[in-house]
Amino acid sequence: MHDKDLILFDGVCNLCNGTVNFVLDRDRSRCFVFGSLQSEKSKEILRSHHYDPEALNSIVVITRSGRLMTKSNAALHIARQLSGGWKLLYLFKILPRFIRDAVYDLVAANRYKWFGRQDHCRMTSPELKQRFLDAY
C-alpha cells in the first residue's frame, strides 16, 4: 500500500462510489488504492494523520509520501494521475483554493440529496478486492 496513493471516500454516498468506479476505470497505472471512510482501518489511518475520522465531508487522499489532501486539492491530485484528458482538470489549480473548496463544499453538502445514498458500503468484486484497503 505504501507504494500507492490512498483514496478514502464516503462508502455510502452514491456520488462517491461513482467517483471510485470512474477512477478505477481510468487508473491505468494502478497508482491508487481505496478505502471507505467508515471502515475502522481508514479511521485508524486518519487518526495517525491527525485528521478527524468522523468527518465525512471530503474525499481524502494520502499520498505514498504521507501527505494528506482533502477537498479540491485531493480531487485535482486524483485527476492529474488519471489517463487521458482528465489530467487537464489540474489546470483548475490556478484558481484560489477558497473558490475551489467552496464549489466542492456545495456539492459535498448536497451529495445525498442530489445523488442519493446506500444503506451500506460498496462491495468489491474479487478481481478488484486487492485495490481496496481492507485487502491489506
Side-chain angles (χ1 to χ4, degrees):
M1 182 178 81
H2 298 292
D3 63 334
K4 301 189 183 300
D5 291 350
L6 172 61
I7 298 174
L8 300 176
F9 64 98
D10 182 349
V12 298
C13 168
N14 287 338
L15 173 63
C16 303
N17 280 297
T19 300
V20 168
N21 290 332
F22 181 87
V23 172
L24 281 166
D25 291 344
R26 289 155 185 83
D27 181 20
R28 300 237 186 343
S29 60
R30 301 173 75 87
C31 64
F32 294 113
V33 293
F34 305 86
S36 165
L37 286 166
Q38 288 86 354
S39 78
E40 288 306 315
K41 200 167 201 177
S42 294
K43 289 178 183 181
E44 181 181 314
I45 291 169
L46 290 171
R47 280 188 209 96
S48 75
H49 283 83
H50 309 289
Y51 186 85
D52 179 7
E54 301 307 316
L56 296 175
N57 60 351
S58 176
I59 193 167
V60 176
V61 172
I62 301 173
T63 66
R64 58 196 92 173
S65 65
R67 181 173 172 221
L68 186 142
M69 291 180 274
T70 61
K71 299 186 180 189
S72 64
N73 279 345
L76 292 175
H77 174 81
I78 293 167
R80 190 176 194 187
Q81 309 306 314
L82 299 179
S83 60
W86 300 104
K87 296 174 187 320
L88 295 174
L89 289 174
Y90 195 74
L91 293 173
F92 282 103
K93 190 82 170 170
I94 65 171
L95 294 175
R97 184 173 180 179
F98 77 91
I99 293 172
R100 291 183 281 121
D101 282 352
V103 173
Y104 185 98
D105 288 340
L106 175 67
V107 174
N110 292 289
R111 70 188 185 277
Y112 295 141
K113 181 172 37 170
W114 293 345
F115 300 97
R117 64 180 291 154
Q118 302 171 18
D119 293 331
H120 51 80
C121 294
R122 68 179 279 135
M123 301 299 291
T124 59
S125 64
E127 61 272 7
L128 290 178
K129 191 160 179 74
Q130 72 272 10
R131 303 277 313 268
F132 286 81
L133 190 60
D134 292 336
Y136 289 89

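FYI, side chains are in, hydrogens and waters are out, and symmetry mates aren't considered; it's all heavy atoms of this structure.
Following chains of ILVMFWY side-chain contacts shorter than 4.5 Å, one can reach V23 starting from F92, so the two form part of one hydrophobic cluster. Following chains of ILVMFWY side-chain contacts shorter than 4.5 Å, one can reach F115 starting from L106, so the two form part of one hydrophobic cluster. Cluster membership for L24 and L89, using ILVMFWY side-chain heavy atoms within less than 4.5 angstrom, is shared. Tracing side-chain contacts under 4.5 Å through hydrophobic residues (I, L, V, M, F, W, Y), one reaches W86 starting from L95; they form part of the same cluster. Note: the hydrophobic cluster containing F9 does not contain L15 (ILVMFWY, side chain heavy atoms under 4.5 Å, direct or indirect links).
Formation of a donor-acceptor pair under 3.5 Å by the N57 side chain with backbone atoms of A109 is not found in this model. R67 contributes no side-chain N or O that, together with a main-chain N or O of R64, makes up a donor-acceptor pair within less than 3.5 Å. A side-chain donor-acceptor contact under 3.5 Å links K4 to the backbone of R30. A distance-only check finds a donor-acceptor pair linking the side chain of K87 to the backbone of L82 [under 3.5 Å].
Atom SG of residue C31 and atom CG of residue D3 lie 10.5 Å apart, to the nearest 0.5 angstrom. Note: S36 OG to K41 NZ = 13.0 Å, rounded to the nearest 0.5 Å. One distance of note links CD1 of I7 with CZ of F32; it measures 4.5 Å at 0.5 Å rounding.
Donor-acceptor pairing under 3.5 Å is lacking for the side chains of D5 and T63.
Between Q38 and K43, the closest heavy-atom pair is O-CE, 3.6 Å. Nearest heavy atom pair, residue S42 against residue L8, reads OG-CD2, 3.3 Å. Heavy-atom minimum distance, Y51 versus S58: OH-CB, 4.1 Å.
R111 is linked by a side chain to side chain donor-acceptor pair (under 3.5 Å) to D10, counting only residues two or more places apart in sequence or in another chain.
More than 12 non-hydrogen atoms from other residues, nucleotides or ligands lie less than 6.0 angstrom from OH of Y112. For R47, the CZ atom counts as densely surrounded, since its 6.0 Å shell holds more than 12 non-hydrogen atoms of other residues, nucleotides or ligands.
A cation-pi arrangement is found for R26 relative to F22, the charged atom lying closer than 6.0 Å to the ring centre and inside a 45° cone about the ring normal.
By the 4.5 Å heavy-atom criterion applied to side chains, K71 and D105 are counted as neighbours. L6 places none of its side-chain heavy atoms less than 4.5 Å from the side chain of V60. For the pair I59 and I78, the minimum side-chain heavy-atom distance is below 4.5 Å. With contacts defined as side-chain heavy-atom distances shorter than 4.5 Å, the pair Q81/H77 qualifies.
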_Using side chain to side chain contact (heavy atoms under 4.5 Å, CB included), reason through V107 and W114 one step at a time and then give a plain yes or no._
CA-CA 9 Å; V107 174; W114 293 345; 4.3 Å; yes
